[in-house]
Asker: 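One structure, as structure tokens, below. Some questions next.
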Amino acid sequence: MTSNGRATDFIIAIAGCVFALLALGWWWLIFSKVVENDYLTVGQAVTCIAGATDLCSLAQALCTNDHLYGIRWYAPEAFWAAAAILVAGVVLSARPSRA
């Protein structure tokens with residue numbers, strides 16, 4: 001593989017990192033208020049990063065309108081999509097080069 005291909009693989013991994021950070025920021029934007037209002041503990045809120053349980057849905061339904069830009073919900077699919085991109089980039093970057 002050419003060095004240009006390696007650069008592309010690295011860019012995919014970096015994009016996965018960026019998307020993962022954005023997904024975590026989105027989660028924190030919602031669930032920091034949920035924790036602040038004592039709807040969930042931090043430990044319970046952490047489980048909502050990767051899954052939409054009934055508890056997570058209930059906590060989001062109790063959100064008030066004081067969120068930044070009025071965003072009151074979080075989709076764990078964003079985290080999984082970011083994780084998939086990150087893993088793909090890491091796997092592509094880590095494979096041995098062919099001569």
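If you're wondering where the values come from, they're calculated on a predicted model, not measured in any experiment.
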Asker: Mind checking the SG-CG spacing from Cys48 to Leu55? Nearest 0.5 Å is all I need.
Answerer: 6.0 Å
Asker: To the nearest 0.5 Å, what is the distance between CG on Leu92 and CZ on Phe10?
Answerer: 13.0 Å
Asker: Looking only at heavy atoms, what is the nearest atom pair of Cys56 and Thr47, with distance?
Answerer: SG-OG1, 4.4 Å
Asker: From Ile12 CD1 over to Cys17 SG, what is the distance, rounded to the nearest 0.5 angstrom?
Answerer: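 SG of Cys17 is found 12.5 Å from CD1 of Ile12.
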Asker: Treating Ile, Leu, Val, Met, Phe, Trp and Tyr as nodes and any side-chain heavy-atom pair under 4.5 angstrom as an edge, say whether Leu86 and Trp80 lie in one connected cluster.
Answerer: no
Asker: What distance do Leu40 atom CG and Lys33 atom NZ have between them, rounded to the nearest 0.5 Å?
Answerer: 15.0 Å
Asker: What about Ile14 and Val90, same hydrophobic cluster or not, with Ile/Leu/Val/Met/Phe/Trp/Tyr joined at side-chain heavy-atom distances under 4.5 Å?
Answerer: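 The answer is no; the residues belong to distinct hydrophobic clusters.
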Asker: Would the number of heavy atoms belonging to other residues, nucleotides or ligands and lying under 6.0 Å from CZ of Phe19 be above 12?
Answerer: no
Asker: Can you give me the closest heavy-atom contact between Ala52 and Pro76, atom names plus distance?
Answerer: N-CG, 3.8 Å
Asker: Indicate every side-chain donor-acceptor pair of residues 20-32 with a distance under 3.5 Å to a residue at least two apart or in another chain.
Answerer:
{"from": "Trp26", "atom 1": "NE1", "to": "Trp73", "atom 2": "O", "distance (Å)": "2.9"}
{"from": "Trp27", "atom 1": "NE1", "to": "Ala45", "atom 2": "O", "distance (Å)": "3.0"}
{"from": "Ser32", "atom 1": "OG", "to": "Trp28", "atom 2": "O", "distance (Å)": "2.8"}

Asker: Rounded to the nearest 0.5 Å, what's the gap from CG on Leu58 to CG on Leu62? Could you check?
Answerer: 4.5 Å
